[in-house]
Q: 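Just passing along the structure, written as structure tokens.
Numbers for residues simply follow the sequence, beginning at 1. Just follow the structure's listing: the first ligand is 1, and inside any ligand the first atom is 1.
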Amino acid sequence: MLRNAFIDAIFSSPDGHYIDCTFGRGGHSRALLKRLSSRGRLLALDRDPEAIAAGKALEQQDQRFTICHSDFAQLSASLENEAWGKVNGIGFDLGVSSPQVDNAERGFSFKQDGPLDMRMDNSAGQPLSRMLEHTSERELVDVLRSFGDERYARRIVGAILKALHNNTLHSTADLENLCFHAVPKQARYGGSHPATRTFQALRIWVNGEMDQIDTGIRAAMDALLPGGKLAVISFHSGEDRRIRDLIETAVRPCTCPPALPVCVCGKKPSMRWLQKKPVRANEQEISANPRSRSSMLRVAQRLSEAEAVKLAGYCGGLH
Ligand SMILES: C[S@@+](CC[C@H](N)C(=O)[O-])C[C@H]1O[C@@H](n2cnc3c(N)ncnc32)[C@H](O)[C@@H]1O
């Protein structure tokens, strides 16, 4: 969702070159291709082999479009491999796609029974079931707290470890049931399902999503032409904070500690905010797709060298 705002944010010229880092099933890519001339180009990435298969079909139909099996951590390498120079716009629509969530076999959903997998790229890495075999109580509590803001992390992790020990945790239905009974009775009804935060946190852990965001957003900012734009849609506050901080570091002209009387870092900014306060989905979008309720869009723009030099003096050497 937020599709129009997202496309408006990264689009600048019909002849431009663009990257969609999260192809999914190509909703954003197709909307962007509609705005491009025959000289415009779009490169899309995804780490999910099923998304790549869908992208290959689009590649056959549209010569302006290229799909690449890559995660965010490989973004720079993929751009080099594909011989892409700097681009006019890059977009990220983070999280899981509807086809991933709706396919029980992928193990993302607590609403359907499936294996404990949760890998976006199920051709690589370890499924959740294997990762749970090698984890510790401390690590799991940290995962649930950091990536899910789960207040009952300790109780849920205790129940997970007990079930692993008793060999009774084999499927997403087992995990859902375990979360439901691990939280206090008053927390079981009324709000979101007691397994929501645990499933989100474990998915982020299995896919190394926070590290992926760090590398991907930095590589994306480096890949932009002066004036090129970066748009990011995220789905929960932890992710959004990470994105805000990554961009803010590139926007801030000075990194000296505030206690220093004069600027000694000499840092130049490389980006400016176009949309610092996140845009949220409107009521119409939410009723069409309830999953968009928590989506947030942030937009920033790459500075030219001249603009960067001008803004570097922003702190005037004084704090
Ligand atoms: C919310 S969906 C994107 C939906 C897409 N905008 C559309 O219109 O169909 C997110 C997609 O990004 C992919 N993805 C998430 N994290 C990724 C990463 N670190 N590297 C590459 N792809 C990733 C997922 O596999 C998923 O297909």
Q: Where on Val96 is there a heavy atom closer than 4.0 Å to ligand 1, on the side chain, on the backbone, on both, or on neither?
A: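 For Val96, only backbone atoms sit under 4.0 Å from ligand 1.
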
Q: Side chain, backbone, both or neither: which part of Leu94 comes within less than 4.0 Å of ligand 1 when only heavy atoms are counted?
A: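 The part of Leu94 near ligand 1 is the backbone, not the side chain.
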
Q: With the threshold set at 4.0 Å, does a side-chain nitrogen-carboxylate oxygen contact exist between Glu176 and Lys111?
A: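 Lys111 and Glu176: not salt-bridged.
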
Q: At a 4.0 Å cut-off, with the gap strictly under it, does some heavy atom of Asp46 reach an atom of ligand 1?
A: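 Checking ligand 1 against Asp46, which is what was asked, there is a heavy-atom contact under 4.0 Å.
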
Q: Are any of the N or O atoms of Phe72 closer than 3.5 Å to those of ligand 1?
A: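 It does: an N or O of Phe72 is found under 3.5 Å from an N or O of ligand 1.
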
Q: Checking contacts here: is it the side chain or the backbone of Gln212 that comes within 4.0 Å of ligand 1, counting heavy atoms only? Could be both or neither.
A: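 The side chain, only.
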
Q: Please work out whether the ring planes of Phe23 and Phe65 are parallel, tilted or perpendicular, with thresholds of 30° and 60°.
A: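 Tilted: the ring planes of Phe23 and Phe65 meet at 30° to 60°.
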
Q: For ligand 1, does Ser29 get within less than 4.0 Å through its side chain, its backbone, both, or neither, judged by non-hydrogen atoms?
A: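 No part of Ser29 is near ligand 1 at this cut-off.
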
Q: Would Asp102 and Ser98 count as a side-chain hydrogen bond (donor to acceptor under 3.5 Å, both in side chains) here? Give the steps.
A: CA-CA 6 Å; Asp102 295 342; Ser98 298; 4.9 Å; no

Q: Hey, could you give me each pair passing ring-ring contact (aromatic ring centres under 6.0 Å, His included) that has a residue in residues 155-187? Not counting sequence neighbours.
A: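 ring-ring contact (aromatic ring centres under 6.0 Å, His included) check on residues 155-187 returns Phe180-Tyr189.
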
Q: Does Phe92 have a non-hydrogen atom less than 4.0 Å from ligand 1?
A: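 For ligand 1, residue contact (heavy atoms, under 4.0 Å) with Phe92 is absent.
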
Q: Ligand 1 and Gly26, any nitrogen or oxygen pair closer than 3.5 angstrom?
A: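 Yes, at least one N or O pair falls under 3.5 Å.
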
Q: Nearest heavy atom to atom 6 (N) of ligand 1 wins, so pick from Asp93, Asp71, Ile52, Asp121.
A: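 The residue whose heavy atom sits nearest atom 6 (N) of ligand 1 is Asp93.
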
Q: Give a yes/no verdict on whether any heavy atom in Glu209 is under 4.0 Å from an atom of ligand 1.
A: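 No, Glu209 has no heavy atoms under 4.0 Å from ligand 1.
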
Q: Give a yes/no verdict on whether any heavy atom in Gly216 is under 4.0 Å from an atom of ligand 1.
A: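 No, that is not the case, since the closest heavy atom of the residue is not under 4.0 Å from the ligand.
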
